[in-house]
> 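If you scroll down you'll find the structure; I have some questions about it.
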Amino acid sequence: MGQTFESIFKDSVKRMHYQVDGLSSDKSHIQVIIWPTFSGLTDFEKGIADRIASLGFSATALDLYGMDQNPVEMDAKLAKMGALLAEAGPLHGLQKELTESACDAIHGKTIVHVGFCLGGRLALEAGLHLADSAGAASFHGLMSFFRAQSEEKANTKTKIMVLNGYEDPLVNESEAQEAKRYWAGLGMDFQYIDFASTMHSFMLPSADNPEHGSQYNPLTAQRGYQYLEHFLEEFV
């Protein structure tokens, strides 16, 4: 894109996260951070936040790119995603800043990251690399997340849940197995669920491009929400 990471994602970037407080006194301290798709913060992520808050948890859908900065054309989305994921250090620094800004400096919060597509990978990145993370749930996210430089630098306390479409062309079997071996080698608590007859972006009602392996699946989406609710209940 011809710009530095800071100029794209940090310098003079004004953000407005979508925050919904949980209504349950015994759950509202659990702060769910929602990482968006490569389209940025949209009504989809806001709806996820509303749904999570209705269960009693607090939720924040992150404004990843900044107000009025969401890319529209596919080339622009891919370019911005590529710049975001190019290097581990700047990415994790940005994730830490955004998480802290969404959690009131995170004091007293139990932080669980949830994400979709690009956000699925970002949830895994945050869970593994941000020390204050308690959990990470990835929906149709890629398994190409940055590995920790050493076991000591990994947040091995994070519980991980991956919900994956078995027919997702963006996640092949070898990548999935490699990720599972990695988490197992760190002694981490993880679960990896494959859904039959399910492609990429199965949670997104707008996804309708089966020729390229992307398709909304209402049955799988319903099951995905049920898995997420049970996962969040583990932190109560």
Side-chain angles (χ1 to χ4, degrees), residues 14-37 39-67 70 92 94-141 155-163 188-191 193 202-206 218 220-236:
K14 296 181 179 180
R15 293 180 167 88
M16 184 176 292
H17 306 312
Y18 183 77
Q19 170 71 42
V20 189
D21 293 328
L23 300 179
S24 173
S25 60
D26 63 339
K27 297 180 181 180
S28 60
H29 69 286
I30 298 170
Q31 182 72 46
V32 181
I33 303 297
I34 301 165
W35 296 90
T37 74
S39 297
L41 178 61
T42 67
D43 288 341
F44 169 73
E45 289 81 12
K46 294 176 182 178
I48 296 293
D50 289 338
R51 187 163 188 152
I52 289 172
S54 73
L55 301 174
F57 306 96
S58 297
T60 302
L62 292 179
D63 183 358
L64 182 59
Y65 299 133
M67 296 172 59
N70 283 354
H92 299 151
L94 176 65
Q95 289 191 282
K96 186 175 187 294
E97 290 182 20
L98 296 184
T99 299
E100 290 179 349
S101 70
C103 296
D104 299 322
I106 69 179
H107 297 301
K109 300 285 187 179
T110 298
I111 300 173
V112 180
H113 299 272
V114 176
F116 304 83
C117 297
L118 166 63
R121 172 174 166 177
L122 293 180
L124 296 176
E125 297 277 3
L128 182 65
H129 297 282
L130 302 188
D132 292 302
S133 303
S138 169
F139 290 79
H140 37 83
N155 179 18
T156 57
K157 302 184 303 296
T158 300
K159 294 183 179 182
I160 290 175
M161 181 178 70
V162 175
L163 303 183
M188 296 181 69
D189 179 345
F190 75 90
Q191 49 190 311
I193 299 97
F202 57 81
M203 297 292 291
L204 277 65
S206 62
T220 300
Q222 178 183 355
R223 291 172 174 171
Y225 285 122
Q226 292 171 345
Y227 272 101
L228 178 59
E229 180 176 355
H230 289 305
F231 183 66
L232 294 177
E233 289 289 342
E234 293 188 13
F235 301 95
V236 176

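Along the sequence shown, residues carry numbers from 1.
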> I'd like to know whether R51 forms a side-chain contact (heavy atoms from CB on, under 4.5 Å) with F57, so could you lay out the CA-CA distance, the side-chain angles of the two residues, the decisive distance to 0.1 Å, and finally the verdict.
CA-CA 9 Å; R51 187 163 188 152; F57 306 96; over 6 Å; no
> Mind listing the closest non-hydrogen atom pair of A59 and Q31 along with its distance?
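Heavy atoms only, the tightest pair is C-NE2, 3.6 Å.
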> Under the criterion side-chain contact (heavy atoms from CB on, under 4.5 Å), I'd like the reasoning laid out for L62 against I33: C-alpha separation, chi angles, the key distance, then a yes or no.
CA-CA 7 Å; L62 292 179; I33 303 297; 3.4 Å; yes
> Just so I know, are the side chains of H113 and T99 near enough to count as touching, which here means a heavy-atom distance under 4.5 Å?
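Yes, side chains in contact.
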> Is the number of heavy atoms from other residues, nucleotides or ligands under 6.0 Å of Y227 OH greater than 12?
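Check fails, neighbour count at 12 or below.
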> Output yes when a side-chain donor or acceptor of S58 lies under 3.5 Å from a complementary backbone atom of G22, and no otherwise.
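Between the backbone of G22 and the side chain of S58 there is a qualifying donor-acceptor contact (under 3.5 Å).
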> Indicate the atoms forming the closest heavy-atom contact of S133 with A126, along with that distance.
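The pair with the smallest heavy-atom distance is OG-O, 3.0 Å.
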> For F116 and H140, take the angle between the two ring planes, folded into 0 to 90°, and tell me which bin it lands in: parallel under 30, tilted 30 to 60, perpendicular over 60.
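The arrangement is tilted - the two ring planes meet at 30° to 60°.
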> With a 4.5 Å cut-off on side-chain heavy atoms, are F44 and P205 touching?
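Result yes, sub-4.5 Å side-chain heavy-atom pair found.
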> Out of the candidates D63, T42, T60, D50, only one should pair with Y18 under the side chain to side chain donor-acceptor pair (under 3.5 Å) rule; please name it.
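Option passing the side chain to side chain donor-acceptor pair (under 3.5 Å) with Y18: D50.
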> Start with the C-alpha distance between V112 and F231, add both sets of side-chain angles, then the distance that settles side-chain contact (heavy atoms from CB on, under 4.5 Å), and finish with yes or no.
CA-CA 10 Å; V112 180; F231 183 66; 4.0 Å; yes
> Could you grab the distance from atom CD1 of I52 to atom CD of E229, nearest 0.5 Å is fine?
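One finds 10.5 Å between CD1 of I52 and CD of E229.
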> For G40 and E45, which heavy atoms make the closest approach, and how far apart are they?
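Nearest pair, atom of G40 first, then E45: O-OE1, 3.5 Å.
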> Would you mind reporting whether L64 and L122 have side-chain heavy atoms less than 4.5 Å apart?
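Counting from C-beta outward, L122 and L64 do come under 4.5 Å.
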> Nearest 0.5 Å, please: how far is CG in D189 from OG1 in T156?
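It comes to 11.0 Å.
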> Answer yes or no: is there a side-chain heavy-atom contact under 4.5 Å between I160 and L124?
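The answer is yes; the side chains approach within 4.5 Å.
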> Walk me through it: do L232 and K27 pass the test side-chain contact (heavy atoms from CB on, under 4.5 Å)?
CA-CA 9 Å; L232 294 177; K27 297 180 181 180; over 6 Å; no
> Between Y225 and M203, is there a side-chain heavy-atom distance shorter than 4.5 Å?
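Yes, close enough: below the 4.5 Å cut-off.
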> Could you pull out the closest heavy-atom pair between L94 and R15, with the gap in Å?
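Result for this residue pair: CD1-NH2, 4.0 Å.
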> For G127 and A136, which heavy atoms make the closest approach, and how far apart are they?
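Shortest heavy-atom separation between G127 and A136 comes out as CA-CB, 4.1 Å.
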> Which distance, rounded to the nearest 0.5 Å, do you find between the CG of L41 and the CE of M16?
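The CG atom of L41 sits 10.5 Å away from the CE atom of M16.
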> How are the rings of H129 and H92 set to each other: parallel, tilted or perpendicular (split at 30° and 60°)?
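Because their plane-to-plane angle is under 30°, the rings of H129 and H92 count as parallel.
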> Hey, does F139 have a side-chain heavy atom less than 4.5 Å from the side chain of L228?
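Side-chain contact under 4.5 Å: yes.
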> Any side-chain heavy atom of Q191 sitting closer than 4.5 Å to one from K159?
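A side-chain contact under 4.5 Å is absent here.
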> SG of C117 to CG of L204: how many Å apart, nearest 0.5 Å?
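CG of L204 is found 5.5 Å from SG of C117.
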> On a heavy-atom basis, which atom in N155 and which in A131 lie closest, and how many Å separate them?
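Between these two residues, the closest heavy atoms are ND2-O, 3.7 Å.
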> Any non-hydrogen side-chain atom of V236 less than 4.5 Å from a side-chain atom of I30?
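Answer yes - side chains close enough.
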